[in-house]
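Just below is one structure, and these are the notes that go with it.
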Amino acid sequence: MSTTVKAYGTESPEIPLHELTISRRELQAHDIEMEILYCGICHSDLHQVHADFGPYPAPIVPGHEILGRITAVGDHVKNFKIGDLAGIGCIVDSCDHCEYCNDGIEQFCEEGVTFSFNSEDKVSGGHTFGGFSKSYVCNERYVLKMPAFENLAAAAPLLCAGITVYSPLKHWGAGPGKKVGILGIGGLGHMAIKIAKAMGAEVIVFTTSPDKVSDAKRLGADEAVLSSDQDAMAAYVNKLHFIIDTVSAKHDVNVYLNLLRHDGTVVLVGLPPQPLEIGAFNVVMGRKSFAGSNIGGIAETQEMLDFCFEHNIVADSEIINIQDINTAFDRLERGDVKYRFVIDMASL
Ligand code: NAP
Ligand code: ZN
């Protein structure tokens, strides 16, 4: 028997988010059911609600930084019991037998990964609904064990923002002796500062917002540069080993390719809906790379959670009630959040 639960979502980009009811699938043998306590708000939620990546099946219920408590377990569930704290991020299903799934990079599953919202649900049919809701049902293989963070609400954003920057920082070797640039101080960017510093890298932040320059240092950055300040930018030409670009809108990446040392890489994690242009000389000179990175696998997400718990890293969060979601989306659009909204799901 599927269960009916309260959620927040919308039918089209023109209609503000509002309360609605959705069905969660019947608990399968390997499924857990989770009561959702907190859900972070990522810019990807906003992109999708705005149909930036194309039209969606209605209704859409966003939310993929989902933290809660287990309320039921299927007959074959091994790793969770009722009452456990748990997390669900972006991935809720994959084929579990391709090369990528076997290598723990389920985000690149050959048969197509199922995302926590707005994805085909290959178990029950229909499409998945995200964490702006009272509960979630999914296979335990994709559920994270949540360490006992003192501030649980502030730990929810680790489930997308945290892993999305941890994975490339690790892949491109952030650590002692490495100068890492971080472009954009939003939800992802501020997590990247904290995680890169904990890995031992030297961190230089580039922002378009004058008020974030001093705040970046409070967050742990060694240097923060206002990207409109040409002289300050010139000081970093050919200096950085790699740069994580978290910017959500179209921008000129060539400026940042010029800040790389030879063999350096700009790693795009932001998802501007429009194509970005690269000048040939900006990569040819210095054998530079322009790369991308997509969230991270389940095992790596667990590793990131444990790393952040050990290093006392959570998001700087502003807690809101679900009824304020449309105002929060407007503010996120304007970059007016320091640095992640988190919904207290008790308000639904
Ligand atoms: P966010 O909180 O809105 O942060 C984005 C930051 O980018 C802003 O705070 C701003 O920083 C900067 N920015 C925004 N517009 C800009 C513009 N026109 N020019 C230059 N800088 C601009 O968003 P988020 O939640 O961190 O997400 C960032 C992006 O990553 C989104 O596109 C999101 O969809 C994507 N994302 C990708 C993945 C993945 O797996 N690849 C996962 C999650 C999210 P300053 O004020 O400091 O300039
Ligand atoms: Zn996200």
Side-chain angles (χ1 to χ4, degrees), residues 39-50 52-53 62-66 87-91 105-108 113 115-118 130-132 156-169 171 181-195 204-217 219 221 224-229 233 243-253 255-256 267-274 276 291-297 300-301 304 315-318 328-342:
C39 187
I41 305 179
C42 175
H43 208 113
S44 299
D45 295 319
L46 190 58
H47 281 312
Q48 296 228 31
V49 165
H50 285 174
D52 282 350
F53 307 140
H64 55 278
E65 294 179 337
I66 308 167
I88 296 172
C90 304
I91 302 173
I105 42 177
E106 298 89 349
Q107 68 271 35
F108 308 128
V113 69
F115 292 109
S116 35
F117 76 101
N118 200 16
F132 292 7
L158 299 177
L159 292 158
C160 173
I163 184 60
T164 300
V165 295
Y166 179 91
S167 185
L169 283 168
H171 185 81
I182 293 164
L183 179 46
I185 317 178
L188 268 55
H190 96 291
M191 292 308 316
I193 297 173
K194 297 183 188 203
I195 293 173
I204 298 103
V205 173
F206 301 92
T207 178
T208 59
S209 307
D211 64 312
K212 293 185 187 170
V213 171
S214 56
D215 217 24
K217 291 195 178 166
L219 291 166
V225 179
L226 192 60
S227 50
S228 55
D229 180 341
M233 291 292 284
I243 297 174
I244 297 198
D245 178 345
T246 76
V247 174
S248 51
K250 190 167 165 78
H251 58 288
D252 185 4
V253 292
V255 174
Y256 297 94
V267 184
L268 184 69
V269 291
L271 296 168
Q274 308 83 357
L276 303 173
S293 188
N294 184 27
I295 47 174
E300 194 175 38
T301 304
M304 175 277 309
D316 284 30
S317 308
E318 188 177 330
F329 268 6
D330 288 348
R331 285 183 51 197
L332 182 59
E333 180 82 67
R334 298 196 301 270
D336 175 23
V337 50
K338 289 202 168 70
Y339 284 93
R340 200 59 147 185
F341 287 117
V342 176

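All ligand and atom numbering here is 1-based and tracks the order in the structure.
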Short N or O distance, [X] and ligand 1, threshold 3.5 Å exclusive:
X	answer
L271	yes
I185	yes
I295	yes

**OP:** Indicate, as side chain, backbone, both or neither, the part of L188 found under 4.0 angstrom from ligand 1 when only non-hydrogen atoms are considered.
**Re:** both
Subject >> Y339 and H190 aromatic ring geometry - parallel, tilted or perpendicular at 30°/60° bounds >> reply: parallel
Original post:
Any N/O/S atom, backbone or side chain, of C160 lying under 2.8 Å from the Zn ion (ligand 2)?
Top reply: yes
Original post:
Hey, is the Zn ion (ligand 2) within less than 2.8 Å of some N/O/S atom on H64?
Top reply: yes
Original post:
Does R340 come within less than 4.0 angstrom of ligand 1, counting non-hydrogen atoms of the residue?
Top reply: yes
Original post:
Heavy-atom contact under 4.0 Å between G335 and ligand 1?
Top reply: no
Subject >> Element-labelled atoms of ligand 1 that are located less than 4.0 Å from some non-hydrogen atom of K212 >> reply: 9 (O), 11 (O), 45 (P), 46 (O), 47 (O)
**OP:** Show which atoms of ligand 1 fall inside a sub-4.0 Å distance from at least one heavy-atom site of V247.
**Re:** 7 (O), 13 (N), 16 (C), 17 (C), 19 (N), 20 (C), 21 (N), 22 (C)
**OP:** Find the distance between CD1 (I185) and OG1 (T207) and round it off to the nearest 0.5 Å.
**Re:** 4.5 Å
Original post:
Can you tell me how far the CZ atom of R340 sits from the CG atom of D316, to the nearest 0.5 Å?
Top reply: 12.0 Å
Subject >> atom 3 (O) of ligand 1 [closest protein heavy-atom partner, distance rounded to 0.1 Å] >> reply: H43 ND1, 2.7 Å
**OP:** Show the numbers, then the answer: is there a ring-ring contact (aromatic ring centres under 6.0 Å, His included) between H64 and F115?
**Re:** CA-CA 8 Å; H64 55 278; F115 292 109; 8.8 Å; no
